[in-house]
Amino acid sequence: MLRFLTAGESHGPGLVTIVEGVPAGLEVTREGIGLELARRRLGYGRGARMKIEQDKLEIMGGIRHGRTLGSPVAVIIRNTEWPRWEEEMSPDPGTPKRPMTTPRPGHADLVGMLKYDTKDARNILERASARETAARTVAGYLAKQILASIGVTVVSHVVAIGRAISESEQLPTIDDLPSIDASSVRAFGTEAEAAMVSEIEWAKADRDTLGGVMEVLVYDLPPGVGSHVHWDRRLDARLSGALMSIQAMKAVEIGDGLESSRRRGSDAHDHIYYEDREFYRNTDRAGGTEGGMSTGQPLRVRVAMKPLSTVMRPLPTVNVVTKEAEVAFRERSDVCAVPAAGVVAEQMVAIVVTQELQRMFGGDTVEDFMVNVTSYRTRLLSF
Ligand code: EPS
């Protein structure tokens, strides 16, 4: 089963990802990973850093002549910002020039300083930064390649930025992904895009930040992925945990989620029909999961991001050295990172779905994996 570790600080020498459990024979290109990294850099409202970072990657293992070997895939992404920050931040090893002593409310700063016993928030924020998600992108890309081998597609789009909400009921499919990626806020539909952009402009002018909501959809997943038999195998539980692991996420909703809690049972579920040897539903209120398993309907998950905590109009805090009231430190940041976070959400969903498919179907090679999935799909047709 696919698993991965990341290492590296936001302004350190670079980010490292090791992905284990990738089947052999998967087509993987440096360009493919690079394109995925570029998608994560997009979005109106991002700061200067994203124009600076090139996300140049080096493949250190697991891939030969454009195909995976079955061994761990290792990738390094060097931080363009490293030399400048190294000079500025640590004139003498261990004694930073400017320790950051006024933690930002909402960030990992204060709790991290208490826990790891440091009076310099930089020791915490460097790893807490969402720069780490660049490293996750490598695992997300590999997962999506595995899913593509069996025709499963994953799409994300931004449904809200601040108070600007997309009203469209229509769900985008993989064919809509190019137009979503071309949208400056990764919205599906131009009307929503205009409202979201002006929301960001308003926040920027006000020296403030914004959060929002992203939706991830998975199509053509066979029924039965995940399991009702144990808490840690439930697909919806695993998706929620993975999405909440993304920096700054505060809520996850599966299907109609909160709305279904306000409905009656007669109006809350997806009725079952049968035609052409297949069971199907006319609605997808459950968001494609029942009993912790995929139903075969599109998987539909939303995740909400809080506004970034580096606010140019700084919030009240306490200096951890003097214990005096002060305002939180400010440094270069983004006004809104929701479009980029949506790409990361897409990747985390792809990773979890891939893991659960691998648990069901195994396969040391992509070919074995594909054969096993096909045989399961055939069995369902003769149920
Ligand atoms: C981030 C702050 C900004 C973002 C960064 C996440 O970085 P900096 O302070 O260096 O300008 O650009 O995001 C990335 C570097 C990235 O690759 O997504 C933060 O505070 O989390």
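Both counts, for ligands and for their atoms, begin at 1 and track the order of listing. Everything numeric in this text was worked out from a predicted model, so none of it was measured.
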Assess, by modelled atom type and distance only, whether the side chains of [X] and [Y] contain a donor and an acceptor separated by less than 3.5 Å.
X	Y	value
Arg136	Ser245	yes
Ser129	Gln247	no
Arg330	Thr102	no

Under 3.5 Å: N or O atoms of ligand 1 paired with protein N or O:
| unit_1 | atom_1 | unit_2 | atom_2 | d |
| --- | --- | --- | --- | --- |
| ligand 1 | 9 (O) | Arg332 | O | 2.8 |
| ligand 1 | 10 (O) | His11 | NE2 | 2.5 |
| ligand 1 | 10 (O) | Arg49 | NH1 | 2.6 |
| ligand 1 | 10 (O) | Arg332 | NH2 | 2.9 |
| ligand 1 | 11 (O) | Arg332 | NE | 2.6 |
| ligand 1 | 11 (O) | Arg332 | NH2 | 3.4 |
| ligand 1 | 13 (O) | Arg46 | NH2 | 3.2 |
| ligand 1 | 17 (O) | Arg40 | NH2 | 2.6 |
| ligand 1 | 17 (O) | Arg131 | NH1 | 2.8 |
| ligand 1 | 18 (O) | Arg40 | NH1 | 2.9 |
| ligand 1 | 18 (O) | Arg40 | NH2 | 3.1 |
| ligand 1 | 18 (O) | Arg46 | NH2 | 3.1 |
| ligand 1 | 21 (O) | Ser129 | OG | 3.3 |
| ligand 1 | 21 (O) | Ala130 | N | 3.1 |

If you link I, L, V, M, F, W and Y whenever their side-chain heavy atoms are under 4.5 Å apart, who else ends up in the same group as Tyr280?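 Tyr273, listed by chain and number.
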
Qualifying salt bridge (charged side-chain N to carboxylate O under 4.0 Å, His left out) pairs with a residue from residues 282-298, counting only residues at least two apart or across chains: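 Residue pairs passing salt bridge (charged side-chain N to carboxylate O under 4.0 Å, His left out), neighbours aside: Asp267-Arg285, Arg281-Glu290.
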
Among residues two or more places apart or on two chains, list those pairs meeting side chain to side chain donor-acceptor pair (under 3.5 Å) that have a residue in residues 216-231.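 Matches after skipping sequence neighbours: His230-Asp232.
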
